[in-house]
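Report on the structure given below.
Model, not experiment: these values are computed from the prediction. Order of the sequence lines fixes the chain letters, A, B, ..., with proteins taken first and strands second; residue numbering starts at 1 for each chain. Note: hydrogens, waters and symmetry copies are ignored here, and every other heavy atom, side chains too, is used.
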Amino acid sequence: MAFLLRRRHAAAPYLLLAPGIGWLVLFFAVPLYYMAQISLKEGSIDTGYRFTWHFQTYVDAISNYSDQFLRSFEYAGLATVLSLVIAYPLAYVIAFRGGRWRNALLLLVILPFFTTYLVRTLSWETILDDDGWIVHVLQSVGLLGHHGRLLATGTAVVTGITYNFLPFMILPLYASLERIDKRLHEAAYDLYGRRRDVFLRVTLPLSAPGIVAGVLLTFIPAAGDFVNAQLLGTPRQSMIGNVIQSRYLEVTDYPTAAALSFILMAIILVLVLAYAKIAGTEELTGAEGVAA
Amino acid sequence: MTRVGRRLLDQSLNLYSGLVLVYLMTPIAIILLFSFNDTKSRFNFVWQGFTLKSWKDPFGVPGLLDAMKSSVEIATLSTLIATVLGTMMALALVRYEFRGRGATNLFIFLPLASPEVVLGASLLSMFLSLGVATGFTTILIAHVMFNVSFVVVTVRSRLIGFDRSLEEAAQDLGANRFQTFMRVTLPLIMPGVLAAALLAFALSIDDFVITNFNAGSTVTYPLFIWGAARIAIPPQVNVMAAMIFMVTLVAMLLTVWQQRRAERMASMVPSEA
């Protein structure tokens with residue numbers, strides 16, 4: 001492998017890339033082709049599927065499951081906004097006041113990721129339980145009726161999603177805040193900027209890439225999630241991920257499931273490409289160019 | 001703004017951050033606590049008293065041991081493969097200027113930007129179309145696929161600050177390319193590689209969504225929980241989660257420590273006198 005590290009070896013980068021790219025082509029790109037093919041087939045699991053350019057599946061999928069699509073984007077949107085509100089002050093404090101505790105605080109932020117996703121989600125069943133103190137407090141201040149509950153509601157699902165993807169918001173926010181040159185703050189104060197102006201005109205604009213990255217990293221997995229809706233909600237809270245999962249694995253209605261996956265992916269891809277256009281691919285993918 | 005007002009804002013900002021950290025830690029505390037719950041029902045959602053029962057018999061639930069074994073095997077293998085492939089890719093991307101570099105970066109990023117449900121569903125579509133039976137191997141294939149991109153991103157971010165003059169120095173001192181790679185390059189990038197491997201392992205052992213699509217009749221630890229969530233969740237599930245949590249935490253701290261050491265090593269520049 002060592003000879004590949006000679007800088008002017010023209011084939012070297014391609015040889016280093018080949019196995020990994022090959023794996024991604026075979027098991028990420030090619031499967032998308034097969035999914036596209038399945039989405040345009042007609043038939044059933046018993047009679048077999050035939051390829052007929054059956055675009056009607058897409059039309060039906062959108063009209064039959066528009067509720068679940070809208071709900072997915074509503075829940076994901078709410079969770080993303082909540083995450084931003086929860087994460088920004090914390091990221092700010094760690095970046096500007098963390099001092100030597102910075103790394104320890106960042107470790108605390110990613111600690112939830114060390115526990116199993118499903119168990120983490122199930123622990124919210126304990127927290128939001130009908131006999132738990134949160135429900136009791138909300139009942140006694142009148143925010144919930146006497147028999148009101150949190151479990152099996154949209155609130156529970158959004159709570160779970162927000163918690164599960166919060167580190168994806170905090171980390172990019174922190175990265176962009178930490179990169180801000182402190183001398184810019186000093187300069188702004190020297191020019192008699194007020195605190196609010198310094199935040200609104202210096203800190204906030206400079207942390208914008210972190211905000212956009214955090215929003216995407218939170219929104220994308222949130223919109224496709226089905227675990228929170230399944231464990232903390234009921235079928236009335238089901239999201240598009242729940243439909244895809246059950247159409248594929250329980251009902252074996254493969255064309256509809258494949259079409260729904262593509263529609264979800266298309267919507268998300270449009271969002272990502274819009275961002276790539278604004279921020280550039282290098283910024284988006286975190287690559288910072290060839291080391292000198 | 002008055003001085004008092006400013007102090008008040010500072011204090012409330014700190015308090016708010018503290019509360020967010022408490023919020024982040026609460027579910028972890030509950031997971032650990034409920035591994036000691038003396039639950040009488042089929043589910044483990046309400047506290048009923050302290051017991052060491054589940055810790056003394058962590059695999060006392062049918063199927064859990066096999067599920068754990070599959071998870072650990074898949075996580076180990078997928079970590080090894082993804083770390084080797086991803087590290088090679090990261091080296092290519094950081095050290096060379098070549099045609100298609102931007103496109104490659106974007107392609108590697110795409111799996112990270114796709115919802116897991118789409119990755120799982122499309123892979124299953126291919127296996128269905130080709131008549132491949134899903135099981136251990138297809139889970140492994142899927143895990144390497146989603147881990148490769150994470151490894152590239154992690155190793156690449158560590159490689160960017162790499163001081164190439166150390167390699168040049170080694171070659172000036174007569175080391176050949178192979179020796180230089182083994183004795184200088186590899187030890188220096190090792191912390192980044194270890195961090196990536198740790199991330200890959202954690203992602204693999206925790207993955208539910210993609211595995212769910214490509215598992216066939218193989219049961220991993222997350223799939224075991226998913227099945228159990230409908231019928232009965234024994235406290236042993238929390239014992240496993242607590243073990244994974246502690247192992248990952250210790251491994252993470254070791255990686256950080258190792259990285260500090262490597263940084264010290266890299267910064268040992270001979271004095272100019």
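Between chain B and the residues A/G224, A/G20, A/A87, the most heavy-atom pairs under 4.5 angstrom are made by A/G20. When each of A/F262, A/F226, A/F113 is scored by its heavy-atom pairs under 4.5 Å with chain B, the top score falls to A/F226. Most heavy-atom pairs under 4.5 Å with chain A: of the set B/G120, B/A121, B/A241, B/A242, this distinction falls to B/A121. With respect to chain A, the highest number of heavy-atom pairs below 4.5 Å among B/V256, B/N176, B/L128 belongs to B/L128. Counting heavy-atom pairs closer than 4.5 Å to chain A, the top residue among B/L253, B/L130, B/D207 is B/L130. Counting heavy-atom pairs closer than 4.5 Å to chain A, the top residue among B/V20, B/N238, B/V46 is B/V20. Chain B forms the most heavy-atom pairs under 4.5 Å with one residue out of A/Q230, A/M265, A/R97, A/Q37, and that residue is A/R97. Of the residues considered (B/S129, B/A90, B/P111), B/P111 shows the highest number of contacts with chain A, using heavy-atom pairs under 4.5 Å. Looking only at heavy-atom pairs under 4.5 Å with chain A, the residue among B/Y221, B/F34, B/F107 that has the most is B/F107.
Of the two parts of B/A202, neither the backbone nor the side chain holds a non-hydrogen atom closer than 4.5 Å to a non-hydrogen atom of chain A. For A/L17, the parts lying near chain B are the backbone and the side chain together; criterion is any non-hydrogen pair under 4.5 Å. Neither the backbone nor the side chain of B/W47 has a heavy atom closer than 4.5 Å to any heavy atom of chain A. Using a 4.5 Å cut-off between heavy atoms, B/M240 makes no contact with chain A at all. In this structure, chain B has heavy atoms under 4.5 Å from both the backbone and the side chain of A/P19. Within the 4.5 angstrom heavy-atom criterion, only side-chain atoms of B/L119, from C-beta onward, approach chain A. Using a 4.5 Å cut-off between heavy atoms, A/N103 contacts chain B through its side chain alone, with no backbone atom that close. For a residue to count as touching a neighbouring chain, one of its non-hydrogen atoms must lie under 4.5 Å from one of that chain's; by this rule B/F98 touches chain A with backbone and side chain alike. Heavy atoms closer than 4.5 Å to chain B are found nowhere in A/L260, neither backbone nor side chain. Residue A/L32 touches chain B through both its backbone and its side chain, counting heavy-atom pairs closer than 4.5 Å. In this structure, chain A has no heavy atom under 4.5 Å from any part of B/L112. Neither the backbone nor the side chain of B/V247 has a heavy atom closer than 4.5 Å to any heavy atom of chain A. Interface remark: B/L24 contributes backbone and side-chain atoms alike to the contact with chain A (heavy atom separation under 4.5 Å). With a 4.5 Å cut-off on non-hydrogen atoms, B/L203 does not touch chain A at all. At a 4.5 Å heavy-atom cutoff, the contact between B/L110 and chain A is made by backbone and side-chain atoms alike. With a 4.5 Å cut-off on non-hydrogen atoms, A/Y49 does not touch chain B at all. B/L32 does not touch chain A: none of its heavy atoms, backbone or side chain, sits under 4.5 Å away. Both the backbone and the side chain of A/I86 come within contact range of chain B, each with at least one heavy atom under 4.5 Å from a heavy atom of that chain. Only the side chain of A/Y14 has a heavy atom closer than 4.5 Å to any heavy atom of chain B. A/T252 does not touch chain B: none of its heavy atoms, backbone or side chain, sits under 4.5 Å away. In this structure, the portion of A/L231 lying under 4.5 Å from any heavy atom of chain B is its side chain and not its backbone. Within the 4.5 angstrom heavy-atom criterion, only side-chain atoms of A/L107, from C-beta onward, approach chain B. Neither the backbone nor the side chain of B/F43 comes within less than 4.5 Å of any heavy atom in chain A. Heavy atoms of B/D10 lying under 4.5 Å from chain A belong to its backbone as well as its side chain. Contacts of A/I21 with chain B are made by both backbone and side-chain atoms, with heavy-atom separations under 4.5 Å.
In this structure, A/L15 and B/M88 approach most closely via the heavy-atom pair O-CE, 4.3 Å. When all heavy atoms are compared, the tightest approach of A/W23 to B/I141 is NE1-O, 3.3 Å. Between B/S17 and A/P89, the shortest heavy-atom contact is OG-O, 3.7 Å. Among all heavy-atom pairs drawn from A/L118 and B/P222, the shortest one is CD1-O, 3.1 Å. For B/M25 against A/L111, the heavy-atom pair with the smallest separation is SD-CD2, 3.9 Å.
Counting heavy atoms from C-beta outward, B/S149 and A/L24 have side chains that approach closer than 4.5 Å. Counting heavy atoms from C-beta on, the side chains of A/L264 and B/P115 come closer than 4.5 Å. Here the side chains of A/I268 and B/S114 are not in contact, with every heavy-atom distance at 4.5 Å or above. Using a 4.5 Å heavy-atom threshold, the side chains of A/P112 and B/I28 count as touching. In this structure, the side chains of B/I244 and A/T116 come closer than 4.5 Å at one or more pairs of heavy atoms. Side-chain contact between A/V119 and B/V237: present, with at least one pair of heavy atoms (C-beta onward) separated by less than 4.5 Å. Within the 4.5 Å cutoff, the side chain of B/I30 has no heavy atoms near those of the A/W124 side chain. In this structure the side chain of A/L249 reaches within 4.5 angstrom of the side chain of B/L124, judged on heavy atoms.
In this structure, the separation between CE on B/M126 and CD1 on A/I38 is 11.0 Å, given to the nearest 0.5 Å. The line from CD of A/Q245 to CG of B/N212 is 5.0 Å long, rounded to the nearest 0.5 Å. In this structure, A/E125 CD and B/I233 CD1 are separated by 6.5 Å, a value rounded to the nearest 0.5 Å. Taken from CG in B/L21 to CG in A/L105, the straight-line distance is 6.5 Å, to the nearest 0.5 Å. Between atom CG of residue B/L123 and atom OH of residue A/Y34 there is a gap of 12.0 Å, rounded to the nearest 0.5 Å. Taking OG from B/S125 and CE from A/M35, the interatomic distance works out to 5.5 Å, rounded to the nearest 0.5 Å.
For B/D206, the salt bridge (charged side-chain N to carboxylate O under 4.0 Å, His left out) criterion is met by A/R120, not counting sequence neighbours. Remark: B/P235 pairs with B/T39, B/N44, B/S54 by the side-chain contact (heavy atoms from CB on, under 4.5 Å) rule, at least two apart or across chains.
Checked against the 6.0 Å centroid threshold, A/Y163 and B/Y23 count as a close aromatic pair. Ring pair B/F208/A/Y117: centre-to-centre distance not below 6.0 Å.
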>> Could you go through B/M252 and A/I110, starting from their C-alpha distance and side-chain angles, then the distance that decides it, and tell me whether this counts as side-chain contact (heavy atoms from CB on, under 4.5 Å)?
In response: CA-CA 11 Å; B/M252 167 92 186; A/I110 57 165; 3.8 Å; yes

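Relative orientation of the A/F27 and B/F127 rings is tilted, given thresholds of 30° and 60° on the angle between their planes.
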